[in-house]
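The next block holds one structure in the form of structure tokens; read it before the comments.
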Amino acid sequence: MKLLSTTVTLPGDRAENQDRCEVLTHGERTLIVLGDGMGGHSDGALAAQRLIDAAGDLLPQGASLPPTQLLQSIASEAHRRIQQISPNLPNEEQARTTAVFCLFNGSSALFAHAGDSRAYQFRGGEMLTRTRDHSVVELLYRTGRITEEDIRSH
């Protein structure tokens with residue numbers, strides 16, 4: 001499978017861009033990993049970078065692991081590394097990042113994510129699927145308490 005990738009990241013209205021994205025390849029596997037540090041928490045950029053670093057370190061080590069187990073291992077290791085950033089801060093202030101993974105393994109692809117950063121699947125210019133946010137707004141929508149139109153301004 002031939003992959004073509006590009007990334008664009010904008011800081012929006014923030015002074016610091018806390019987005020990180022990397023395309024990593026080892027053997028037959030290619031992993032795209034994205035982290036978006038959570039700006040309301042300290043060290044969001046560092047948390048996103050720790051996610052990228054964990055993926056880079058574990059992709060070669062997990063060459064023999066099944067794809068699902070590899071992604072779980074990366075997420076767990078990233079979480080462990082992120083928790084070490086600011087262990088003395090109250091929980092609600094500790095470093096945090098969203099995470100999106102897409103692991104290409106031969107002719108298949110596996111997506112995993114946490115938070116409100118999304119993965120989209122397109123074919124022939126049409127969106128087939130997208131991941132659903134792990135957020136209060138998404139929960140309100142899925143339970144019918146707000147409409148799809150309300151999501152944009154809620």
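- Cluster partners of L46, by chain and number: I82, I85. The rule joins Ile, Leu, Val, Met, Phe, Trp and Tyr whenever side-chain heavy atoms lie under 4.5 Å apart.
- For the atom pair CD of Q83 and CZ of R96, the computed distance is 9.0 Å after rounding to the nearest 0.5 Å.
- Within the model, atoms CD of Q49 and CD of Q18 stand 12.0 Å from one another, a figure rounded to the nearest 0.5 Å.
- Remark: Q121 pairs with T129 by the side chain to side chain donor-acceptor pair (under 3.5 Å) rule, at least two apart or across chains.
- Side-chain heavy-atom separations under 4.5 angstrom define the hydrophobic clusters, and the remaining members of the one that includes V100 are L34.
- When the shell of 6.0 Å around CD of E149 is examined, it contains 12 or fewer heavy atoms from other residues, nucleotides or ligands.
- Here Y120 sits in one hydrophobic cluster together with F122, M127; the rule is ILVMFWY side chains under 4.5 Å apart, joined directly or through other members.
- Listed by first and then second residue, the salt bridge (charged side-chain N to carboxylate O under 4.0 Å, His left out) pairs that reach into residues 107-125 are R118-D133, sequence neighbours excluded.
- Contact between A48 and G37 at its shortest, heavy atoms only, is CB-N, 3.8 Å.
- Taking T147 as the reference, D150 meet the side chain to side chain donor-acceptor pair (under 3.5 Å) condition, with sequence neighbours excluded.
- Residues passing the side chain to side chain donor-acceptor pair (under 3.5 Å) test with T25, sequence neighbours excluded: T30.
- Through direct or indirect side-chain contacts shorter than 4.5 Å among Ile, Leu, Val, Met, Phe, Trp and Tyr, L70 is connected to L24, L31, V33, L51, I52, L58, L59, L65, L71, I74, F101, L103, L110.
- The list of salt bridge (charged side-chain N to carboxylate O under 4.0 Å, His left out) pairs with a residue in residues 100-111, not counting sequence neighbours, is empty.
- Of the possible polar contacts, one joining the T98 side chain to the D36 backbone as a donor-acceptor pair under 3.5 Å is found.
- Residues meeting the side chain to side chain donor-acceptor pair (under 3.5 Å) test with S73, sequence neighbours left out: none.
- You'll find the side chain of P67 reaches within 4.5 Å of the side chain of R29, heavy atoms only.
- Judged by distance alone, the side chain of R50 and the main-chain N or O of A45 form no donor-acceptor pair under 3.5 Å.
- With sequence neighbours excluded, no residue satisfies salt bridge (Lys or Arg N to Asp or Glu O under 4.0 Å) with R145.
- Among residue pairs with one or both ends in residues 51-60, those qualifying as salt bridge (charged side-chain N to carboxylate O under 4.0 Å, His left out) are D57-R81; sequence neighbours excluded.
- Nearest approach of A109 to C102, heavy atoms of both residues: CB-SG, 4.2 Å.
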